[in-house]
Amino acid sequence: MRKFLFVALLVCACICANAQKAKGDFSFLTGQKQLNVVFVYDGVTYDGDSEAEFFKDNSDRDDFEEWKTNWTSRFRNDMWETIFLEKLNEELSGKRLEGGDYPNAAYTAVVKFIDIDPGSFAGPFSVPCKITADINFVATGKTEPIATITFTKLAANSFLMTPIIEHRVKFAFDDMGMNMGKILSKKIK
């Protein structure tokens, strides 16, 4: 049993280590007080399916129209992005840098979502949400990336499982914000 647990933890550590990659020199953030963070969902897929297909697959919900509206507005803005920024800023607190809606900041982190696999709930066989996203750091108003962080199938904490799909996504945003903050904390002098 101990060998199995050790192997399982080793596999999880390897998956997490390969799930993120930072490229570029992040020294431009040294001394900055604010980082504008913009979330982009254009073209996002859900476990490889288009957003239209994802909504079609979930159309049997009793509250479908309200849920669909909330999915593209309230859940994103008030739940997922909020927890992402909270966790990012917790990790950056020692650097005196804060991420958020700061359009006048010198630099912007453009968080472009490529795929959100919402996972599934099946008790002990549950699958956590996984996010694939590119974060491009640009001078505000420009499009040429100075540095990038790529998350590939970054999985949410598997101990925080729930049958509520938007909460599984929230847990992944939580982990993504935390991981981005840890990377930046190491890269910024």
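Throughout, residue positions are numbered sequentially from 1 according to the sequence presented. Every value quoted in this text rests on a predicted model; they were computed, and no experiment measured them.
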*Asks:* Does a side-chain heavy-atom distance below 4.5 Å link Ile135 with Met180?
*Replies:* yes
*Asks:* Before you tell me yes or no, could you show the steps for Thr150 and Asp134 under side-chain hydrogen bond (donor to acceptor under 3.5 Å, both in side chains), namely the whole-Å CA-CA distance, both residues' side-chain angles and the distance that decides it to 0.1 Å?
*Replies:* CA-CA 5 Å; Thr150 300; Asp134 289 328; 3.2 Å; yes
*Asks:* Do Phe171 and Val127 sit in one hydrophobic cluster, given that two such residues count as connected whenever their side-chain heavy atoms are within less than 4.5 Å of each other, even indirectly?
*Replies:*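 No, Phe171 and Val127 fall in different hydrophobic clusters.
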*Asks:* Could you grab the distance from atom NZ of Lys23 to atom CG of Asn136, nearest 0.5 Å is fine?
*Replies:*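 Between Lys23 NZ and Asn136 CG, I get 9.5 Å after rounding to 0.5 Å.
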*Asks:* Classify the angle between the aromatic ring planes of Tyr46 and Phe54 as parallel (below 30°), tilted (30 to 60°) or perpendicular (above 60°).
*Replies:* parallel
*Asks:* How long is the gap from CD on Glu53 to CG on Asp49, to the nearest 0.5 Å?
*Replies:* 5.5 Å
*Asks:* Identify the residue among Glu81, Glu166, Glu51 that makes a salt bridge (Lys or Arg N to Asp or Glu O under 4.0 Å) with Arg76.
*Replies:*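 The option that passes is Glu51.
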*Asks:* If you round to the nearest 0.5 Å, how far is CZ of Arg61 from CH2 of Trp71?
*Replies:*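 Answer for the CH2-CZ pair, Trp71 versus Arg61, is 8.5 Å.
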*Asks:* Could you see if Leu88 belongs to whatever hydrophobic cluster contains Met79? Use Ile, Leu, Val, Met, Phe, Trp, Tyr and a side-chain cutoff under 4.5 Å.
*Replies:*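 The answer is yes; both residues are in one hydrophobic cluster.
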*Asks:* Identify whether Val111 and Ile188 are in the same connected component of the hydrophobic contact network (ILVMFWY, side-chain heavy atoms under 4.5 Å).
*Replies:*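 Yes: a chain of side-chain contacts under 4.5 Å links Val111 to Ile188.
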*Asks:* Measure from the side-chain N and O atoms of Ser59 to the backbone N and O of Lys56, and report whether any donor-acceptor pair falls under 3.5 Å.
*Replies:*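 The answer is yes, because a donor-acceptor pair under 3.5 Å joins these two groups.
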*Asks:* List the atom of Gly24, the atom of Ala147, and the distance in Å for their closest heavy-atom pair.
*Replies:*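 Minimum heavy-atom contact is CA-CB, 4.1 Å.
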*Asks:* With Lys170 as reference, evaluate Thr162, Ile83, Ile165 under the side-chain contact (heavy atoms from CB on, under 4.5 Å) test and give the passing residue.
*Replies:*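 The passing option is Ile83.
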*Asks:* Measuring from atom CG of Leu184 to atom CG of Leu35, what distance do you get when rounded to the nearest 0.5 angstrom?
*Replies:*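 Answer rounded to 0.5 Å: 7.5 Å.
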*Asks:* Report yes or no: does Thr132 contribute a side-chain atom to a donor-acceptor pair with the main-chain N or O of Lys153 at less than 3.5 Å?
*Replies:*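 Yes, Thr132 side chain to Lys153 backbone: donor-acceptor pair under 3.5 Å.
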*Asks:* Starting from Val38, can I reach Met176 by hopping between I/L/V/M/F/W/Y residues whose side chains sit under 4.5 Å apart?
*Replies:*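 Per the 4.5 Å side-chain linkage, Met176 and Val38 are not co-clustered.
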*Asks:* State, yes or no, whether a side-chain contact exists between Leu85 and Trp80 at a heavy-atom distance under 4.5 Å.
*Replies:*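 Leu85 does not reach Trp80 side chain to side chain.
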*Asks:* Kindly compute the distance separating CG (Asp63) from OG1 (Thr69), expressed to the nearest 0.5 Å.
*Replies:*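 Spacing of CG (Asp63) from OG1 (Thr69) equals 10.5 Å.
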*Asks:* So, for Cys129 and Ile116, which heavy atoms are closest and what is the spacing to 0.1 Å?
*Replies:*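 Smallest heavy-atom distance, with atoms named: SG-CG2, 4.0 Å.
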*Asks:* Take Asp115 and Thr45, measure what side-chain hydrogen bond (donor to acceptor under 3.5 Å, both in side chains) needs, and give me the verdict at the end.
*Replies:* CA-CA 5 Å; Asp115 187 70; Thr45 59; 2.5 Å; yes
*Asks:* Can a donor-acceptor pair be found, under 3.5 Å and without considering hydrogens, that links the side chain of Asn89 to the backbone of Glu98?
*Replies:* no
*Asks:* Is it possible for you to say whether Ile183 and Leu92 belong to one hydrophobic cluster, with membership spreading through side-chain heavy-atom contacts below 4.5 Å?
*Replies:* yes
*Asks:* Can a donor-acceptor pair be found between the side chains of Thr140 and Asn36 at a distance below 3.5 Å?
*Replies:* no
*Asks:* Is the shortest side-chain N to carboxylate O distance from Lys68 to Glu65 below 4.0 Å?
*Replies:*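 No.
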*Asks:* Would you mind listing every ring-ring contact (aromatic ring centres under 6.0 Å, His included) that reaches into residues 109-129, with sequence neighbours excluded?
*Replies:*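 Sorted pair list: Tyr41-Phe113, Phe113-Phe173.
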*Asks:* Of all the heavy-atom pairs spanning Val138 and Lys142, show the shortest one and how long it is.
*Replies:* CG2-O, 3.6 Å
*Asks:* At their closest point, which heavy atom of Ser185 faces which heavy atom of Glu91, and how far apart are they?
*Replies:*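 Looking at all heavy atoms of both residues, the shortest contact is OG-O, 2.8 Å.
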*Asks:* Within this structure, what is the CG-OG1 distance for the pair Asn77 and Thr72, rounded to the nearest 0.5 Å?
*Replies:* 9.0 Å
*Asks:* When you measure from the side chain of Asn58 to the backbone of Phe64, do you find a donor-acceptor pair of N or O atoms at a distance under 3.5 Å?
*Replies:*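 It does not hold such a pair.
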*Asks:* State whether the side chain of Arg168 and the backbone N or O of Pro118 hold a donor-acceptor pair below 3.5 Å, judged by distance alone.
*Replies:* yes
*Asks:* Which heavy atom of Trp67 sits nearest a heavy atom of Phe55, and at what distance?
*Replies:* CZ3-CD2, 3.8 Å
*Asks:* ring-ring contact (aromatic ring centres under 6.0 Å, His included): which pairs involve residues 129-154, sequence neighbours left out?
*Replies:*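 For residues 129-154, and leaving out neighbouring residues, the ring-ring contact (aromatic ring centres under 6.0 Å, His included) pairs sorted by first residue read Phe26-Phe137.
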*Asks:* Closest approach of Asn157 and Asp175, non-hydrogen atoms and distance?
*Replies:* N-OD2, 2.8 Å
